[in-house]
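Proteins get letters first, then strands, A, B, ... in listed order; numbering begins at 1 in each. Quick caveat: nothing in here was measured; it's all calculated off a predicted structure. What you see below is based on every heavy atom in this structure, not just the backbone, and it leaves out hydrogens, waters and symmetry mates.
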Protein chains: 2
Amino acid sequence: MTAKTKKQIVIEAAAKLFSDKGYSAASMRELAGRVGLEQASSLYNHIKSKEAALQEICFENAQKFTDGITTIESNISDPGEQIRALINLHIQVATNDITSVTVFNDEWRHLSEPQLSEFLALRKDYEERFKEIINKGIKTGTFKNINPTVALHTILSALKWIHYWYKTGRDSDLEIVKKDIMLLLMSGLSSND
Amino acid sequence: MTAKTKKQIVIEAAAKLFSDKGYSAASMRELAGRVGLEQASSLYNHIKSKEAALQEICFENAQKFTDGITTIESNISDPGEQIRALINLHIQVATNDITSVTVFNDEWRHLSEPQLSEFLALRKDYEERFKEIINKGIKTGTFKNINPTVALHTILSALKWIHYWYKTGRDSDLEIVKKDIMLLLMSGLSSND
DNA sequence: TTTAGAAACGAACGATCGTTCGTGTGCAAA
DNA sequence: TTTGCACACGAACGATCGTTCGTTTCTAAA
């Protein structure tokens, strides 16, 4: 296990700070204080700028999702199991790195060009591949005939509260939560009796 | 139809601006420009402060949800129909006032005390009442035996993308979207063949 | 036509922002 | 022991922020 570089520490603290206050309300002086530095200027020995930190966080998380869906596409063929694996991926990412996924979800819009366009392109690509799996499931009769765009966004949006839950309450076991989210999204709230 | 007061115009423009840039990144000078004023100082003839505008937006929307669930509680008794009505309420609010619901969802954390606590109490109250309906449905066998907290947050979170969709693409009919969201949340993605 | 009040203006305030730069310090290689 | 480099410091920069205040302009009632 290699030691964490100071840069990594700064980036992680930045993710937490951006998550707590939002990117614009987060100051470099507070970030310095959180990593034990007296001066904001000291940060610039480790990162290039405030926005460079945001970029690292956003693209690092984008990579996790891109890698995840690539693995799922090549190792699983049944659309139902693919969607289950995607749901699992989102829960996994959200609970493994609680703060940076918040930044990924909410603070990407403070990226400036050309990073903003690049980020949106990555997201769009991910969504298209997700939607393609839904489409395939509908065609094969595995899924209901629901508008794929609606299904895509409803599922993605539904998975966004996890990091919040994991951060605050976390009263029940993760495996139970995972199972119930799967059940709700795949089979719905209504009982079938 | 009474004319819109300048204060209302300012508040609505503030909602749009907060939605576009986030509360912290939104400046009073840009807000002034958006309502045709050359000076930010002119805004203070209509609103008390930047945060006062945020407060109005947040609590006005909280009121809509509180009023909505109160009506549903007293006019509908079947839990399944109550949840359907709640989903409908969220879609209705999100599409009727696209921008202010964004602020309600994402920017409330920039409220300062005591408004922050007051807002969180309102939200908590709403969530408890929503959860109570889920609980009732589980008890009567209308709903699956899913952890009510998980079901609550998954459904609430799932409904948050609507305003985004309504703002940007809006390629398909609202009634179709509404129907498909209902179907997905109540019966799930999997087909039952 | 006069007058009172509402609303817009423009300068200015103190505060805070991200970032730069020159300096000093301490550790590791020579 | 000397040298070089990584890193922390502290002052300072220009910019922008929300807000205040005194003044001017506009409008509608008298």
Side-chain angles (χ1 to χ4, degrees), chain A residues 2-59 103 106-116, chain B residues 2-59 103 106-116:
Chain A
T2 74
K4 231 179 257 185
T5 70
K6 190 90 188 222
K7 174 177 175 176
Q8 284 176 307
I9 294 174
V10 169
I11 294 284
E12 283 174 28
K16 180 75 164 61
L17 180 59
F18 295 165
S19 163
D20 288 345
K21 307 226 168 172
Y23 177 75
S24 295
S27 82
M28 297 299 275
R29 283 166 179 84
E30 176 161 0
L31 177 58
R34 288 194 178 197
V35 295
L37 293 172
E38 293 185 12
Q39 297 289 329
S41 56
S42 306
L43 292 168
Y44 291 83
N45 288 315
H46 308 287
I47 59 172
K48 225 192 81 191
S49 67
K50 184 185 182 186
E51 191 176 332
L54 178 64
Q55 289 168 18
E56 285 219 26
I57 298 162
C58 288
F59 286 100
V103 178
D106 301 334
E107 307 298 332
W108 55 265
R109 62 174 159 167
H110 295 106
L111 292 168
S112 53
E113 298 294 356
Q115 287 81 15
L116 179 57
Chain B
T2 76
K4 235 179 253 185
T5 71
K6 190 91 188 217
K7 176 178 175 178
Q8 284 176 305
I9 293 174
V10 169
I11 294 286
E12 283 174 29
K16 181 74 164 59
L17 180 59
F18 295 166
S19 163
D20 288 346
K21 307 228 169 169
Y23 177 76
S24 294
S27 81
M28 296 299 273
R29 285 166 176 84
E30 175 161 2
L31 176 57
R34 287 193 180 198
V35 295
L37 293 171
E38 293 185 11
Q39 297 289 328
S41 56
S42 307
L43 291 169
Y44 292 82
N45 287 316
H46 305 100
I47 58 172
K48 226 191 81 194
S49 67
K50 184 186 182 185
E51 191 175 333
L54 179 64
Q55 289 168 18
E56 285 219 28
I57 297 161
C58 288
F59 286 100
V103 178
D106 301 334
E107 307 298 332
W108 54 265
R109 61 174 160 168
H110 295 106
L111 292 169
S112 53
E113 297 293 355
Q115 286 82 16
L116 179 59

Practice problem: Within residues 30-38 of chain B, find the residues that approach DNA chain C with a heavy atom at under 4.0 Å, and present them sorted by residue number. | Solution: B/L37, B/E38
Quiz item: Does the A/E51 side chain pair with the main chain of A/S112, one donor and one acceptor, at a distance under 3.5 Å?
Solution: yes
Practice problem: Check the distance between C/dA7's P and B/I47's CD1 and give it to me in whole angstrom. | Solution: 13 Å
Quiz prompt | CG-CE distance between B/L17 and B/M28, expressed to the nearest 0.5 angstrom | solution = 9.5 Å
Self-check item: d(NZ, A/K7; P, D/dA6) in whole Å
Solution: 15 Å
Quiz item: CD of A/E30 to CG of A/D20: how many Å apart, nearest 0.5 Å?
Solution: 8.0 Å
Exercise. Can you tell me the distance, in whole Å, between the CG atom of B/L43 and the P atom of C/dG10?
Key: 14 Å
Quiz item: How many Å lie between CD1 on A/I9 and P on D/dA8, as a whole number?
Solution: 10 Å
Quiz item: Roughly how far, to the nearest 0.5 Å, is the CG atom of B/L31 from the CZ atom of B/F18?
Solution: 6.5 Å
Self-check item: B/Q39 side chain near C/dA8 phosphate (N/O to OP1/OP2, under 4.0 Å)
Solution: no
Quiz prompt | Atom pair CZ (A/R109) and CG (A/L116), whose distance is rounded to the nearest 0.5 Å | solution = 11.5 Å
Quiz item: How far apart are the closest heavy atoms of A/A25 and A/K21, and which atoms are they?
Solution: CB-O, 3.3 Å
Exercise. Run the numbers on B/K48 and B/Q55 for side-chain contact (heavy atoms from CB on, under 4.5 Å), then give the verdict.
Key: CA-CA 11 Å; B/K48 226 191 81 194; B/Q55 289 168 18; over 6 Å; no
Quiz item: For nucleotides 18-23 of chain D, read 5' to 3', which letter fits each nucleotide if B means a protein heavy atom sits under 4.0 Å from the base, S means only the sugar-phosphate is that close, and - means neither?
Solution: BBBB--
Quiz item: Would you say a side-chain N or O of B/S42 is under 4.0 Å from OP1 or OP2 of C/dC9?
Solution: yes
Quiz item: Given C/dA6, is OP1 or OP2 found less than 4.0 Å from the side-chain N or O atoms of B/H46?
Solution: no
Self-check item: Check: A/N45 side chain, D/dA6 base, donor-acceptor under 3.5 Å
Solution: no
Quiz prompt | Point-to-point distance, once rounded to the nearest 0.5 Å, from CD1 of B/I11 to CD1 of B/I57 | solution = 5.5 Å
Exercise. Taking B/K50 for its side chain and B/Y23 for its backbone only, find out whether a donor-acceptor pair lies under 3.5 Å.
Key: yes
